[in-house]
Amino acid sequence: MKKSHPLRRIVLAGAATVSGIVLLLTLKPSSDPAAASAEGTPQGQQSVAPQGSGGVQAAGGGDQTLTGDVVKTEYGNVQVRITVSGGKITSAAAVQAPTGGRSTEVSTNAVPKLNQAATAAGSADIDAVSGATYTSGGYKKSLQSALDKAGSSSATGGGSGGTTGGGSADASGSTGGSTGGGAAQAKTLTGTVVETDYGPVQVRITVAGGKVTKAEAVQSPSGGRSSQISGDAVPKLNQAAVAAGSADIDAVSGATYTSGGYKKSLQSALDQAGG
């Protein structure tokens, strides 16, 4: 066949076309843009992985400060705030209390006693302060609502068991429990009411391991000058009772009657403990 024959040119042109197509197919990129985009998706999602369990743990391990409901009384509002740590009340404070005229004097005398009682009892099962019935009632209700927010009104553990009881029957039962369960079990004992020329005095103590760990006057003379004297003398008498571990404590200067009544009531509480 001659080189210039038309059929030869057609064959060569066809072969060249096929070769070009094969070459183009060979050079086509193997990666798929859609696939590449899909592979990038998980990286974007990873940055929004849920976090927060660490924050919950941190909150659970610290103190809780809880504020009770506002309770309206005939003399004004009462509201209590407590701090709970390790399942126990570590502090209690009245953020609202009746004020104005006689109410200011009553609140000044009653609130510190109620705060101490709440911390010692670890519950809202505390005695009313003499002469402050309405304030005490409002305090207990607000305290209970604060404890409810902590999840349990008995969130304070073993201490509350001792406070629910009073009298010699409880004292003897606690002594028996201490023999079997350890001498560190606390007992709360309330002395008799002692009448003085200026008003009744009554002392409550907590005994643990054979020692007085806490003392407080649940009743003391109040009204006029008596409130001022009690406010000064009672904290000193409480400290002296814990330090001495007995009723052999000195009278506070200027509070002879209150001191005498305190010592008698303290002795009666100690007698219930058997010491």
Side-chain angles (χ1 to χ4, degrees), residues 57-71 73 76-99 103-130 132 134-164 184-190 202-209 211-220 227 230-243:
Q57 290 170 357
D63 295 349
Q64 278 184 295
T65 299
L66 306 156
T67 304
D69 298 336
V70 176
V71 178
T73 75
N77 296 338
V78 180
Q79 186 176 30
V80 179
R81 177 182 295 149
I82 60 173
T83 300
V84 178
S85 179
K88 296 182 179 182
I89 297 176
T90 57
S91 70
V95 293
Q96 289 191 61
T99 58
S103 294
T104 299
E105 184 179 339
V106 171
S107 294
T108 300
N109 173 60
V111 167
K113 297 176 182 179
L114 292 167
N115 293 340
Q116 290 178 354
T119 303
S123 72
D125 185 18
I126 57 177
D127 292 336
V129 174
S130 177
Y134 291 99
T135 297
S136 298
Y139 187 103
K140 292 169 68 174
K141 289 179 181 178
S142 185
L143 173 59
Q144 184 62 60
S145 70
L147 287 166
D148 290 343
K149 293 176 184 178
S152 170
S153 61
S154 59
T156 54
S160 60
T163 61
T164 55
Q185 182 178 2
K187 294 183 293 183
T188 299
L189 306 160
T190 304
Q202 187 177 28
V203 179
R204 175 190 291 153
I205 60 172
T206 300
V207 179
K211 295 182 179 180
V212 177
T213 58
K214 186 177 181 62
E216 59 182 330
V218 293
Q219 291 192 61
S220 61
S227 294
S230 294
D232 173 63
V234 167
K236 296 177 181 178
L237 292 167
N238 293 339
Q239 290 177 352
V242 174

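Fair warning: this is a prediction, and the values are worked out from it, not measured in the lab.
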Self-check item: Closest contact, heavy atoms only, Val234 versus Ser220
Solution: CG2-CB, 4.0 Å
Practice problem: Can you sort out the partners of Lys214 under salt bridge (charged side-chain N to carboxylate O under 4.0 Å, His left out), two or more places apart, ordered by chain and number? | Solution: none
Exercise. Would you kindly say whether Asn109 and Glu105 are connected by a side-chain donor-acceptor distance under 3.5 Å?
Key: no
Quiz item: Is the backbone N or O of Thr135 less than 3.5 Å from a side-chain atom of Thr73, with the two atoms forming a donor-acceptor pair by type?
Solution: no
Quiz item: Excluding sequence neighbours, so at least two apart, what forms side chain to side chain donor-acceptor pair (under 3.5 Å) with Thr67?
Solution: Arg81
Quiz item: Is a donor on one side and an acceptor on the other found under 3.5 Å between the side chain of Ser145 and the backbone of Ser142?
Solution: yes
Quiz prompt | Heavy-atom closest pair, residues Tyr139 and Ala93 | solution = OH-N, 4.5 Å
Quiz item: How many angstroms lie between atom CG of Asn115 and atom CD1 of Ile82, to the nearest 0.5 angstrom?
Solution: 11.5 Å
Quiz item: Does Ile126 offer a backbone N or O that forms a donor-acceptor pair with the side chain of Lys140 under 3.5 Å?
Solution: yes
Quiz item: Does Ser136 use its side chain to pair, donor to acceptor, with the backbone of Val129 at less than 3.5 Å?
Solution: yes
Self-check item: Shortest non-hydrogen separation from Pro235 to Ser230 and the atoms involved
Solution: CD-O, 3.9 Å
Quiz item: How far apart are the closest heavy atoms of Val111 and Ala97, and which atoms are they?
Solution: CG2-CB, 4.0 Å
Self-check item: Spatial distance of atom CD (Glu216) from atom CD (Gln202) [nearest 0.5 Å]
Solution: 10.5 Å
Quiz item: Can you name the closest pair of heavy atoms from Thr213 and Val207 and give their distance?
Solution: OG1-N, 4.4 Å
Practice problem: To the nearest 0.5 angstrom, please state how far the CG atom of Leu147 sits from the CG atom of Asp125. | Solution: 11.5 Å
Quiz item: Roughly how far, to the nearest 0.5 Å, is the OG atom of Ser123 from the CG atom of Leu143?
Solution: 7.5 Å
Quiz item: Which distance, rounded to the nearest 0.5 Å, do you find between the NZ of Lys113 and the CD of Gln116?
Solution: 9.0 Å
Quiz prompt | Nearest-0.5 Å distance, CD1 of residue Ile205 to NZ of residue Lys211 | solution = 14.5 Å
Quiz item: Which atoms form the tightest heavy-atom contact between Val106 and Ala132, and what is the distance?
Solution: CG1-CB, 3.5 Å
